[in-house]
Amino acid sequence: MILRAVIASILLTAGIASAETIRIGVSAPMTGIQAPSGLDVSAHLVAAMDQLNSSGAFGLHRGELTVLDDVYDPEKTKSNVIQLIREKKVHLLMSQIGSAHINASLPAIQGSGVTLFAPLAGPSSIYADSLRPSIVTLRGSYVDEVRQQIRLLNSMGVTSVAVVYQDDAFGKDILAAWATHSPATGIALVSQVPVPRGVSAIEPMIDSALAKSPGAVILALVSTPALRAAKYVKLKRENAVFSMLMSVAATSEVIEALKASGKGAVLFSSVMPLPSSGSSHLLLEYADLRKKYKLQPSFRGLEAYVALRIVADQVRKMPTVTPQTLGLALSAAQGFTVSDLVIRTREPRFADVFAITRSGVL
């Protein structure tokens, strides 16, 4: 009995001694053309980190968040990631915005022993199992979104689309998904209009797309260009042509602006359930977070919140945490459960389509 008591005491002391700060790094566009997205995500992560630490969600450990501004420049993202790994000694990277930014930083991540978890972009290239544990995805991919868009538009009787796409890895990935998956459904891709990265004056490109009389215009754009394009399609065609946004463009600011922009609806895909309504436990908990920290409803914010809860849940189970052990634990999971939401990290992954109208998000 004495020996057992001594062993128990040693184990308890070791457990307490292993309590540590789990450093999580994020490179986000806090300024520049994608600043609304970066500020939205960082605000949600800061709030979630405070709430999770206050509730003891990390168990023996405590989370610490470092956010660096990458001004939506892939090279700056790469340098930020190197700084977070080498100087800040982070245990985990997460919530990276931008396909080109993930691609730019991947060489620095691979071999570092640090995992990029739950990036807030869905290029098909990052879903390869061979990239684990360097990258562990959580959201549905852009291909998942496009498939769901095609199913909905097909059910609505739309027979042709134009794709207006940001001329980079993000836009080209979505264009390729449409070119691959739409022909078998009877939806013709009648126009492909590239938009140089960083260009906000989107109207001439939309005019070019509308000249082909599509039933819908797919907007593979972000931030200001996405908002201007969606509003312009509504202005030029009212209800005759649908505009379709990707999930990454549906920030809270964009949703609010489109609700107030006149008649008609703008469709957008999502890789999370509606963050502003519903009776699920997760959405009620998210609503409580938003109320406490004065956050606007946000699909990307919800993604980041869910991802951080997953990290906290995993860390809580670990007596000691290193970048390697945390990354391997996240990589080994076939899926995750957060409150009453079950998330598959492999196909079939969640994707859905909603509409932004004067009445809200439907």
Side-chain angles (χ1 to χ4, degrees), residues 20-35 37-46 48-49 61-139 166 168-170 173 197-198 222-223 248 300 303-304 307-308 310-312 314-315 318 320-331:
E20 58 190 293
T21 298
I22 308 304
R23 296 176 295 277
I24 296 173
V26 179
S27 177
M30 308 297 284
T31 56
I33 192 171
Q34 269 278 56
S37 292
L39 293 169
D40 192 24
V41 168
S42 64
H44 276 77
L45 286 173
V46 168
M49 184 67 81
H61 313 292
R62 183 174 181 82
E64 179 182 275
L65 185 69
T66 298
V67 181
L68 300 181
D69 183 11
D70 61 28
V71 301
Y72 203 52
D73 178 350
E75 287 304 309
K76 181 62 174 173
T77 301
K78 181 179 178 180
S79 66
N80 282 353
V81 165
I82 291 172
Q83 181 182 352
L84 289 165
I85 292 172
R86 296 180 182 175
E87 298 178 20
K88 302 297 184 181
K89 306 294 184 184
V90 297
H91 290 79
L92 191 73
L93 299 162
M94 64 178 293
S95 299
Q96 179 62 58
I97 293 172
S99 300
H101 305 75
I102 296 170
N103 292 335
S105 59
L106 184 56
I109 296 171
Q110 289 181 303
S112 70
V114 177
T115 292
L116 170 59
F117 179 61
L120 295 174
S124 54
S125 60
I126 69 173
Y127 289 80
D129 282 342
S130 59
L131 287 178
R132 290 172 174 253
S134 294
I135 297 181
V136 178
T137 57
L138 183 64
R139 76 191 316 276
Q166 189 167 290
D168 62 7
F170 162 65
D173 199 55
R197 186 182 174 90
V222 297
S223 194
V248 293
R300 271 187 166 173
E303 280 188 65
L308 193 56
I310 289 170
V311 173
Q314 182 58 59
V315 166
M318 304 172 71
T320 59
V321 184
T322 68
Q324 291 82 3
T325 57
L326 179 55
L328 286 170
L330 292 169
S331 177

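For residues 103-117, the set of pairs meeting the salt bridge (Lys or Arg N to Asp or Glu O under 4.0 Å) definition, not counting sequence neighbours, is empty. Applying the salt bridge (Lys or Arg N to Asp or Glu O under 4.0 Å) test to residues at least two apart or on different chains, none of the pairs has a partner in residues 104-123. Judged as a salt bridge (Lys or Arg N to Asp or Glu O under 4.0 Å), not a single pair has a partner in residues 115-128 (not counting sequence neighbours). For the side chain to side chain donor-acceptor pair (under 3.5 Å) condition, the pairs that include at least one residue of residues 25-34, sequence neighbours left out, are S27-D70, S27-N80, T31-D69, Q34-S37. Within the structure, no pair that satisfies the side chain to side chain donor-acceptor pair (under 3.5 Å) test touches residues 109-123, not counting sequence neighbours.
If you take CG on L328 and CZ on R132, they are separated by 11.5 Å, rounding to the nearest 0.5 Å. Distance check, rounded to the nearest 0.5 Å: CD of Q166 to CD1 of I33 gives 7.0 Å. The CE atom of M49 sits 5.0 Å away from the CG atom of L65 when rounded to the nearest 0.5 Å. Here CG of L84 is found 11.5 Å from CD1 of I24. Values are rounded to the nearest 0.5 Å. In this structure, CD1 in I310 is found 4.5 Å from CZ in F117, a value given to the nearest 0.5 Å. Distance check, rounded to the nearest 0.5 Å: NE2 of H91 to OG1 of T325 gives 7.5 Å.
Residues satisfying the side-chain contact (heavy atoms from CB on, under 4.5 Å) criterion with A304, sequence neighbours excluded, are V41, L45, S95. Not a single side chain to side chain donor-acceptor pair (under 3.5 Å) links T21 to another residue, sequence neighbours left out. Among residues two or more places apart in sequence or in another chain, the side chain to side chain donor-acceptor pair (under 3.5 Å) test is passed with D73 by none. Listed by chain and residue number, E145, E303 satisfy the salt bridge (charged side-chain N to carboxylate O under 4.0 Å, His left out) test with R139 (two or more places apart in sequence, or in another chain). Partners of A118 under the side-chain contact (heavy atoms from CB on, under 4.5 Å) rule, at least two apart in sequence or in another chain, are L138, A307. With sequence neighbours left out, S124 forms a side chain to side chain donor-acceptor pair (under 3.5 Å) with D173. Qualifying side chain to side chain donor-acceptor pair (under 3.5 Å) partners for R23, counting only residues two or more places apart in sequence or in other chains: none.
The heavy-atom pair separating I97 from P29 by the smallest distance is CD1-CD, 3.9 Å. Smallest separation of non-hydrogen atoms from S125 and N103: OG-OD1, 3.9 Å. Contact between P123 and A121 at its shortest, heavy atoms only, is CD-C, 3.4 Å. Annotation for I85 and I109: closest pair CD1-CA, 4.3 Å, computed over non-hydrogen atoms. Shortest non-hydrogen contact noted between S42 and M30 is OG-CE, 3.2 Å. Shown here for I22 and V315, the closest heavy-atom pair between the two residues is CG1-CG1, 3.8 Å.
Between L116 and V81, every side-chain heavy-atom pair lies at or beyond the 4.5 Å cut-off. Inter-residue side-chain proximity for I82 and K78 is flagged as met; some heavy-atom pair is nearer than 4.5 Å.
Ion pairing between a basic and an acidic side chain is recognised when a charged N comes within 4.0 Å of a carboxylate O; D40 and R300 show no such pairing.
Within the cation-pi definition used here (under 6.0 Å to the ring centroid, within 45° of the axis), R197 qualifies as a partner of Y72.
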